[in-house]
Amino acid sequence: MSMKLLGSIAKSTGWFGSASSAQTSTEAIDQSQETRAEQRPQDAEFEAARELLIKDGYNANVESIREAEYPQLKGTTYLDHAGTTIYASSVIRKTSEDLLSNLYGNPHSQSPSSQLTTRRIRDVRLRVLRLFNANPDEYDVVFCANATAGVKLLLETFAGQEEGFDYYYHKDCHTSIIGVREVADHMKCLTTEEVNNWVEEQPAEDSFEYTSRNLFAYPAQSNFSGLRLPLDWAQRVRSSKQGFYTLLDAAALVTTQELDLTAVAPDFTVVSFYKMFGYPDLGALIVRKSSPGVPEFLESRQYFGGGTVAAVVAQGNDPFHAKRNVTPHEHLEDGTLPFHSIFALDAAIAVHERLYGGFANICSHTTALARYMHKRLSSFEHYNQQPACAIYSESYLHADSEIPSHQWAMHQGPLITFNLRRPDGAWVGYSEVEKLAAVKQIHIRTGGLCNPGGIETYIGMSPLEIRQNYEAGHRCWDDKDVIRGKPTGAVRVSLGAMSTLEDVRIFLGFIEEFYVEKEKPALDKLPRQGDWGGNASAIVESIIIYPIKSCAGFKIPVGISWEVKPHGFAWDREWCLVHLGTKTAMSQKAYTKMALIKPTVDLEKGILNVTYPGLDSNINIPLSPTGNDTLQSSSSRVCGDKITALTYSAPEIVDFFSNAIGVPCTLARFPASLASQRHFKPHLQNEDAGLDTLSCTLKKPQILLSNESPILVINRASVDHVNELIAGVGGKAASADVYRANLIVSQIKGRTSGSLAYSEDGWKRLQIGRETFELLGPCRRCHMVCIDQTTAQKNEEPYVTLSKTRTVGGRVLFGQHATHVPVEGRAGAGIKVGDLVRVWAREEEGMGSEGS
């Protein structure tokens with residue numbers, strides 16, 4: 001078992017303050033540089049790095065426009081530009097002014113407003129072609145939702161061939177490109193070496209002559225590793241492979257690099273403009289209509305939509321229709337185009353050119369930052385000289401850091417994908433990195449990155465292992481980030497036009513502070529002090545239930561014995577809120593206002609009373625279902641589990657919760673009679689955490705709507721110790737409420753010596769009054785503990801401190817899962833606040849019948 005002691009807290013990762021003035025003149029930039037120097041006189045390293053990066057292509061002017069053009073980035077470090085970059089304020093203003101100044105009608109008409117729309121679309125189409133240096137005599141732009149939609153549009157034509165088609169694709173393709181194989185007659189996945197060998201093969205004299213059109217697809221840049229692949233493959237395939245068209249996925253490349261279609265000349269290219277400009281949500285299929293047979297081939301697509309036909313017969317035995325066939329877009333753009341988004345694209349291109357001068361400048365800027373980030377990440381080592389970061393990319397492995405940036409950019413895009421390792425070589429789970437990054441307002445991407453070839457190539461995941469992980473319950477979006485000692489995904493950071501050196505330094509500081517161990521830990525396990533030794537040296541400080549999952553807790557009043565059932569405390573997490581659209585249980589992590597919904601169990605009246613601050617009315621829910629309840633059985637999902645819940649459809653209930661949270665939702669019930677549907681989840685724990693997973697698997701305690709176990713126990717001494725550490729760095733203390741425990745146990749002063757903080761890590765059983773509870777293992781924490789349960793506001797603490805002091809096996813652990821051990825023949829189990837607590841540690845023997 002490994003750990004990270006708090007030790008000396010590194011300085012805050014808010015390295016350099018907010019962005020400088022939004023003025024863009026040379027004088028203003030000089031002034032902002034002087035201001036930065038005054039604010040950071042001690043940071044000579046930063047200024048030296050900045051000057052070197054400027055020489056390498058870094059655009060320092062970005063620092064002066066951030067505040068005005070990208071106010072949404074204030075207080076945020078955004079490093080997911082490969083997912084989507086950030087739109088400039090000027091784009092929104094320019095688009096708004098355009099729409100307020102002009103009357104645009106549906107282009108499928110002859111009215112003046114419709115004709116204005118048609119002319120504008122024509123102009124923007126030409127502007128897009130010029131953006132990619134594509135001659136309108138040779139190329140055509142087909143607007144669609146995104147790059148994936150462009151692929152699907154093209155696929156309709158290939159799939160319609162009676163002879164079928166062959167499909168070859170490069171291993172680094174995005175999932176959306178790989179999906180084409182499902183409708184191909186034959187498919188083949190190729191490595192870079194295999195593609196080069198394939199295009200160099202000379203056809204044999206008696207080689208098969210294709211009667212259908214086939215497809216070879218590849219990414220201009222891998223969205224996993226940033227590797228940039230040879231753009232000349234398109235022309236080489238055209239020259240050597242009869243019957244094959246090429247599809248270039250340029251979505252990742254064009255976010256920071258210019259693309260010259262005249263030079264590259266693929267038959268088909270797909271892009272997503274939101275990746276380039278942040279807004280609008282629009283994409284395109286760019287067709288090289290000068291390629292042999294392409295216009296005729298696309299005309300063979302069977303489906304037609306509104307606006308793509310010149311004539312059509314609806315009735316009779318002759319299903320006649322005639323397609324518009326002047327240019328590809330006329331018979332491929334089905335229905336009315338999203339013309340307002342197309343006009344926004346016009347504004348986005350214009351603003352981007354004004355701010356940055358072109359994608360060549362953006363490429364130099366982001367490459368300089370990426371090289372700096374790569375160099376620093378590569379240099380991070382633990383106290384034992386073991387590297388802290390494993391970077392995934394063929395180009396990074398072989399690139400010379402001294403080569404010019406333009407040569408570097410030929411092989412590598414400005415993104416870095418990696419995983420972190422502990423001093424002993426074990427992997428740090430990527431989901432834990434993302435959780436902590438989110439708390440620090442750092443936006444990154446983690447997981448499989450929609451690139452299975454990257455997982456197989458760089459992480460070394462075999463097809464068999466992928467299948468085994470899936471059968472074991474792993475899904476691309478979950479947090480099972482290390483299985484059998486191997487990562488299931490990775491961390492990706494990507495840079496964009498508006499990224500700054502400050503962004504990079506904040507992220508590097510974050511990695512160094514939390515994941516690079518400079519000193520060897522003094523202990524090989526989490527600290528535990530004091531000896532409980534089976535003595536009645538503690539009491540139950542609080543019993544809390546959460547009748548509605550993820551909403552406020554209800555503290556059991558002093559003197560009341562509360563019933564304990566096999567699935568936990570009575571009425572605990574028996575209800576939840578479900579989204580009316582998805583029917584999925586809602587969580588406080590996504591909807592922080594849920595913390596303010598306060599349920600109260602009134603046993604005398606037999607109701608659950610629910611209030612919310614600011615709403616005049618309250619809701620009373622019968623504890624026992626009545627014939628007047630409007631309940632409907634429906635399927636739902638809780639923590640990935642499929643359940644059958646009873647959903648309330650009464651308008652007053654729907655309105656109450658929808659108004660409180662601000663989203664369409666209602667209350668649902670998962671009564672105790674259905675508890676057998678869900679069980680404790682030992683697989684959520686890490687194998688290094690010391691949990692007896694075999695024992696837990698055999699017992700399988702039942703649960704209602706809790707995430708993992710029937711009961712969660714925390715130790716008051718541990719809560720206090722965490723707050724002492726937080727206070728030591730000037731942070732805000734965290735209430736015990738944020739841990740959302742069912743039982744808070746506190747030591748009786750004078751009966752024990754010293755602090756008992758974290759002693760719960762070694763607890764085996766608790767006897768509370770006459771009842772016995774068995775401990776199931778530590779609770780894995782997420783950033784939900786950062787939500788203040790009285791204000792619904794998010795804070796950094798206590799997750800930041802827990803990450804430094806309570807990380808075990810790559811998991812942040814605090815508190816213990818527990819289950820009640822029933823006594824055969826005895827009914828009416830219950831405990832109350834103030835009950836004495838006896839504790840047995842795991843290593844203790846001879847607990848006797850009293851603790852069984």
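Remark: side-chain polar atoms of Lys275 are paired, donor with acceptor, to backbone N or O of Ala82 under 3.5 angstrom. When atom types are taken as modelled, the side chain of Glu432 and the backbone of Ser803 share no donor-acceptor pair closer than 3.5 angstrom. Although no hydrogens or angles enter the test, the distance criterion places a donor-acceptor pair under 3.5 Å between the side chain of Asn742 and the main chain of Ile544. Thr175 places a side-chain N or O within donor-acceptor distance of the main-chain N or O of Cys450, the cut-off being under 3.5 Å. No side-chain donor-acceptor contact under 3.5 Å links Ser114 to the backbone of Pro107. With Ser222 contributing its side chain and Phe224 its backbone, the two residues share a donor-acceptor pair below 3.5 Å. Formation of a donor-acceptor pair under 3.5 Å by the Thr488 side chain with backbone atoms of Lys480 is found in this model. In this structure, the side chain of Glu156 does not engage the main chain of Gln302 through any donor-acceptor pair within 3.5 Å. One N or O on the side chain of Thr84 and one on the backbone of Tyr274 form a donor-acceptor pair closer than 3.5 Å. A donor-acceptor pair is defined here as one N or O able to donate and one able to accept, closer than 3.5 Å; no such pair exists between the side chain of Asn795 and the backbone of Glu797.
Minimum interatomic distance between Ala284 and Val141 (heavy atoms only, all atoms of both residues): CB-CG1, 4.0 Å. Pairing each heavy atom of Thr95 with each of Ala347, the nearest pair is OG1-CB, 3.6 Å. The heavy-atom pair separating Cys144 from Ala149 by the smallest distance is CB-CB, 4.1 Å. When all heavy atoms are compared, the tightest approach of Leu415 to Gln221 is CD2-NE2, 3.7 Å. In terms of heavy-atom proximity, Ser587 sits nearest to Met784 at OG-SD, 4.5 Å. In terms of heavy-atom proximity, Ala344 sits nearest to Val91 at O-CG1, 4.3 Å.
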Apply the test side chain to side chain donor-acceptor pair (under 3.5 Å) to residues Arg93 and Ser96: give CA-CA distance (whole Å), side-chain angles for both, the deciding distance (0.1 Å), then the verdict. CA-CA 5 Å; Arg93 287 192 294 268; Ser96 178; over 6 Å; no

Step by step, work out the side-chain contact (heavy atoms from CB on, under 4.5 Å) result for Met461 and Asn469. CA-CA 10 Å; Met461 191 78 66; Asn469 291 346; 3.7 Å; yes

Under the ring pair (Phe, Tyr, Trp, His ring centres under 6.0 Å) rule, what do Phe339 and Tyr104 come out as? Steps first, then yes or no, please. CA-CA 9 Å; Phe339 51 91; Tyr104 294 113; 7.2 Å; no

May I have the step-by-step check of side-chain contact (heavy atoms from CB on, under 4.5 Å) for Ser735 and Gln789, ending in yes or no? CA-CA 8 Å; Ser735 167; Gln789 298 297 295; over 6 Å; no

Could you check Val151 against Ser176 for side-chain contact (heavy atoms from CB on, under 4.5 Å), going step by step and ending with a plain yes or no? CA-CA 8 Å; Val151 174; Ser176 296; 5.6 Å; no

Go through the steps for Leu623 and Leu608 under the test side-chain contact (heavy atoms from CB on, under 4.5 Å), then give the verdict. CA-CA 6 Å; Leu623 295 178; Leu608 178 71; 4.0 Å; yes

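The pair Asp479-Arg811 fails the salt-bridge criterion, with no side-chain N (NZ, NE, NH1 or NH2) lying under 4.0 Å from an Asp/Glu carboxylate O.
At least one side-chain heavy atom of Ile444 sits under 4.5 Å from a side-chain heavy atom of Val433. For the pair Trp575/Lys549, no side-chain contact is recorded, criterion being any heavy-atom separation below 4.5 Å from C-beta on. Within the 4.5 Å cutoff, the side chain of Asp503 has no heavy atoms near those of the Leu73 side chain. Using a 4.5 Å heavy-atom threshold, the side chains of Tyr739 and Leu712 count as separate. At least one side-chain heavy atom of Asn223 sits under 4.5 Å from a side-chain heavy atom of Arg492. Side-chain contact check for Thr666 versus Val578: some heavy-atom pair is nearer than 4.5 Å. You'll find the side chain of Gln72 reaches within 4.5 Å of the side chain of Tyr87, heavy atoms only. Taking the side chain as every heavy atom from C-beta outward, His81 and Ser499 approach each other to under 4.5 Å.
Rounded to the nearest 0.5 Å, atoms NE2 (His331) and NE2 (His329) are 10.0 Å apart. We find the CG-CG distance between Asp249 and Asp172 to be 11.0 Å, quoted to the nearest 0.5 Å. Atoms CD1 and CZ, from Ile621 and Arg669 in turn, are 9.0 Å apart once rounded to the nearest 0.5 Å. Of the inter-residue distances, the one linking Lys152 atom NZ with Asn146 atom CG reads 9.5 Å to the nearest 0.5 angstrom. The CG atom of Asp334 sits 5.0 Å away from the OG1 atom of Thr308 when rounded to the nearest 0.5 Å. Separation of atoms CG (Asp572) and CD1 (Ile548) is listed at 12.0 Å; rounding is to 0.5 Å.
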Contacts table for residues 591-602: side-chain donor-acceptor under 3.5 angstrom, sequence neighbours left out:
from, atom 1, to, atom 2, distance (Å)
Thr592, OG1, Ala792, O, 3.4
Asp602, OD1, Glu604, N, 3.2
Asp602, OD1, Lys605, N, 3.1

Distance-only donor-acceptor pairs under 3.5 Å for side chains of residues 652-664, two or more places apart:
from, atom 1, to, atom 2, distance (Å)
Ser658, OG, Val654, O, 2.8
Ser658, OG, Cys665, N, 3.0
Ser658, OG, Cys665, O, 2.9
Asn659, ND2, Asp655, O, 3.0

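Heavy-atom contacts from other residues, nucleotides or ligands closer than 6.0 Å to NZ of Lys94 number 12 or fewer.
The aromatic rings of Phe277 and His352 lie perpendicular to each other, with more than 60° between the two planes, well past the 30° mark. A perpendicular orientation is assigned to the rings of Phe158 and Phe268, their planes being inclined by more than 60° (bins at 30° and 60°).
Judged by a 6.0 Å distance limit and a 45° cone about the ring axis, Arg120 is positioned over the six-membered ring of Phe343.
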